[in-house]
K.L.:
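The following block contains the structure, expressed as structure tokens.
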Amino acid sequence: MSKKVTLYNTLTQKKEELVPYSENKIKMYVCGPTVYSSAHLGHARAAVTFDVIERFLTYLGYEVTYVRNFTDIDDKIIAKSNETGIPANEISEKYIQEYQEDMASIGVKPPTTQPKVTEHVPEIIEMIQRIIDNGHAYQSEGDVFFSVKKFNGYGKLSKRDPDDMMAGTRIDINEKKEDPLDFALWKAAKPGEPFWESPWGNGRPGWHIECSLMSTKYLGDSFDIHGGGKDLIFPHHENEIAQSEAATGKPFAKYWVHNGLIQINREKMSKSIGNILNVNEAVSMWSKEAIRLFFLSHQYLNPADFSDTTMNEAEAALERLYMTLKRANDLAETKNEADKELESSIEAFKESWVSAMCDDFNTAEALGNLFELTRAINRSIDSNGWTPTLKTALKEVDQFAQTLGILEYDPNEYLQSHKLEKASTEITEEEIEQLIEERISARKDKNWARADEIRDELDAKGIVLEDKADNTIWRVK
RNA sequence: GGCGGCGUAGCCAAGUGGUAAGGCAGCGGUCUGCAAAACCGCAAUGCCCCGGUUCGAAUCCGGGCGCCGCCUCCA
């Protein structure tokens, strides 16, 4: 790779250069959802963050293997099954389907592999057995627990000292555990619960072990990047490290990447506050690209506050980009000469967006570069109209936009049809065109009063007109 | 109590030692029948406060104040 990528590693608490185990190849594992409810904006942010990381590393020429799992058997799924009477596997299937659709609706590309826990139980059992054999876990009645004290280095990710964790914390007292910090690798099934047979009796995998198995199975004992939301650092990722390293004896993931959490109107998004915003609700209110742009205009490590205001700003910013694309697309090709000034803006842009992305995937900074190029493009159109350089600029914009997964619509389609669908206005495209025709003849007759009246009428319905030299175009406000 | 993070213009948000990107909103100008869009210009003499290090700090160190996350299920 000609470009060096640096990324913040939670494990070392430093920004480090990305040096993969195998040159030109990146193995990345990201924790997917536990499928017991609809995907919310938090899932969306994580998915978009790693989607863009995957796209960018691929752009740089890496061959990326990206695994994101589904945890489809778990206490919460069972609880939901008990509440509703619907079998656990039907619940998880339903939400897996929904998750796939929701992620597709915000332009998240499917990972290379999306393994499910329930399809890996025999291998999980083998892994647990290995951990027991290595002396890091023990059986207690029908359960198997990981022995935290026996794992040297427990706490290295979340910077916790097991000795400090004992005192005062609200750790569940469980008679079956040798130590309150120990956590379950295998849980005995209660009557009526789904189960798999194991050497320790009927039961199911505990939370955490599934990720240890699936990551190492698909990516190897030691792999490059492990990601997820910041809330997973403890206990989930801490436990994953302990189990995996206890099983394999090798270092687990090299770089730990954690995205910041979403807030809604400056509050934590949580069930108790009742402010969880699901992806499908958000998509019905804002365009999918505005949602992506909202995420990407924050550095992924930082929290992001979702609100009407911040989303409307994202919509406005997106619109500015589409307006420029539309201006450019509407020009007919001519034999004009290259635009030197624009040429240098393109060079500057290319250099700066890639550097920004190489610096811990700083999409916010890279977007700033895009807006600078946008201004340069507009300037060029103002003074030179169509030039071959303009074509080059659009190609470069597209390259970057593809990396972020935005600007995939045709500009006209976005500014008209797409927004018309979202708007509450009842006017149709035909009616708009008709009024524009009428206004054009009024303007020919210099009947300004009627022309302005039509414009006001449309404006009241959320349609904005722009008079060009030889025609009038419209868009939704 | 322990660990981690944050505080940059009216709002959002980059910037981790070299003299404050970008977006939204606002103001002035060019263009326009008038608009809109676009462009040009203006807008933080300063980056929560107080000290310190340095030729130089939003950036490093110390001390405050305020906000938040995790420590229990969570992307």
Side-chain angles (χ1 to χ4, degrees), chain A residues 10 13 15 30-34 36-37 39-50 68 74-76 79 155 158-161 163-165 167-172 207 227-236 238 258-263 266-271 276 293-294 297-299 301-305 307 309-321 323-324 326-327 352 356 359 362-383 443 446-449 451-452 455-456 459 464-469 472-475 477:
Chain A
T10 309
Q13 296 181 290
K15 223 189 250 184
V30 174
C31 290
T34 299
Y36 69 105
S37 62
H40 58 238
L41 284 177
H43 296 109
R45 186 184 193 188
V48 169
T49 298
F50 292 99
R68 188 183 61 210
D74 165 272
D75 291 356
K76 291 188 293 292
S158 57
K159 316 301 167 200
R160 285 168 163 76
D161 181 344
D163 293 329
D164 294 341
M165 290 171 63
T169 46
R170 293 158 287 176
I171 295 172
D172 185 32
W207 183 45
K230 273 194 158 119
D231 51 347
L232 293 179
I233 294 171
F234 189 88
H236 186 56
E238 192 68 62
H258 292 101
N259 63 276
L261 306 183
I262 292 289
Q263 294 178 303
R266 303 207 137 271
E267 281 186 310
K268 178 191 167 154
M269 188 168 72
S270 81
K271 284 201 173 137
I276 289 190
L293 196 66
F294 166 78
S297 59
H298 298 72
Q299 216 283 347
L301 287 163
N302 295 335
D305 183 40
S307 68
T309 312
T310 55
M311 279 313 298
N312 290 340
E313 287 179 359
E315 290 276 14
L318 187 62
E319 192 164 311
R320 173 170 165 78
L321 297 175
M323 298 253 259
T324 298
K326 177 172 164 52
R327 285 190 85 193
S352 57
D359 183 10
N362 196 334
T363 51
E365 189 180 333
L367 278 166
N369 303 142
L370 176 63
F371 282 103
E372 282 169 344
L373 180 64
T374 299
R375 193 183 308 119
I377 290 173
N378 278 319
R379 211 185 291 133
S380 172
I381 293 173
D382 282 349
S383 40
R443 291 185 73 220
K446 299 208 190 299
N447 184 354
W448 308 126
D452 291 349
R455 189 168 59 200
D456 291 346
D459 184 77
V464 185
L465 299 186
E466 290 180 35
D467 294 328
K468 299 293 180 184
T472 293
I473 62 171
W474 64 276
R475 66 172 200 279
K477 219 193 303 194

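In the text below, chain A, chain B and the rest are named by the order of the sequence lines, each starting its count at 1.
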K.L.:
Is A:Ile381 touching bases, backbone alone, or none of the nucleic acid, heavy atoms closer than 4.0 Å?
P.N.:
nothing

K.L.:
Side chains of residues 366-377 of chain A: which donor-acceptor partners sit under 3.5 Å, not counting sequence neighbours?
P.N.:
residue  : atom : partner  : partner atom : Å
A:Thr374 : OG1  : A:Leu370 : O            : 2.8

K.L.:
Is it true that the NZ or CZ of A:Arg68 lies under 6.0 Å from the centre of A:Phe50's six-membered ring and within 45 degrees of the ring axis?
P.N.:
no

K.L.:
Could you check whether A:Gly229 gets within reach of a base, just the sugar-phosphate, or nothing at all, counting any heavy atom under 4.0 Å?
P.N.:
sugar-phosphate

K.L.:
Hey, does the side chain of A:Asn312 come within less than 4.0 Å of B:C12's phosphate (OP1/OP2), counting only N and O?
P.N.:
no

K.L.:
Specify the separation, in whole Å, of atom CG of A:Leu261 and atom P of B:G4.
P.N.:
17 Å

K.L.:
Need one value for A:Ala316: base, sugar-phosphate or nothing, where a base atom within 4.0 Å counts as base even if backbone is also close, heavy atoms only.
P.N.:
sugar-phosphate

K.L.:
When you check the gap from the basic side-chain N to the acidic O, do A:Asp382 and A:Arg379 get nearer than 4.0 Å?
P.N.:
no

K.L.:
Under 4.5 Å between any side-chain heavy atoms of A:Lys268 and A:Leu261, yes or no?
P.N.:
no

K.L.:
Rounding to an integer number of Å, can you tell me how far A:Lys15 NZ sits from B:U16 P?
P.N.:
6 Å

K.L.:
Can you tell me whether the side chain of A:Glu365 and the base of B:G15 have a donor-acceptor pair closer than 3.5 Å?
P.N.:
no

K.L.:
Touch check for A:His40, heavy atoms < 4.0 angstrom, all strands: base, sugar-phosphate only, or nothing?
P.N.:
base

K.L.:
Counting heavy atoms from C-beta on, name the nucleotide in B:G23, B:G15, B:A75 closest to the side chain of A:Phe371.
P.N.:
B:G23

K.L.:
Go nucleotide by nucleotide along RNA chain B from the 5' end; which of A:Ser158 and A:Met269 gets its closest nucleotide reached first?
P.N.:
A:Ser158

K.L.:
Give the rounded distance in Å between these two atoms: NE2 of A:His43 and C1' of B:C73.
P.N.:
11 Å

K.L.:
Check this one for me: any side-chain N or O of A:Asn302 less than 4.0 Å away from OP1 or OP2 of B:A13?
P.N.:
no

K.L.:
Between protein and nucleotides 29-41 of chain B, map the contacts as a letter string: B base, S sugar-phosphate only, - none, heavy atoms under 4.0 Å, written 5' to 3'.
P.N.:
----BBBBSSSS-

K.L.:
I need the CG-C1' distance between A:Leu293 and B:A13, as an integer number of Å.
P.N.:
12 Å

K.L.:
Excluding sequence neighbours, so at least two apart, what forms side-chain hydrogen bond (donor to acceptor under 3.5 Å, both in side chains) with A:Lys230?
P.N.:
none

K.L.:
Nearest 0.5 Å, what's the OG1-CD distance between A:Thr472 and A:Glu466?
P.N.:
9.5 Å

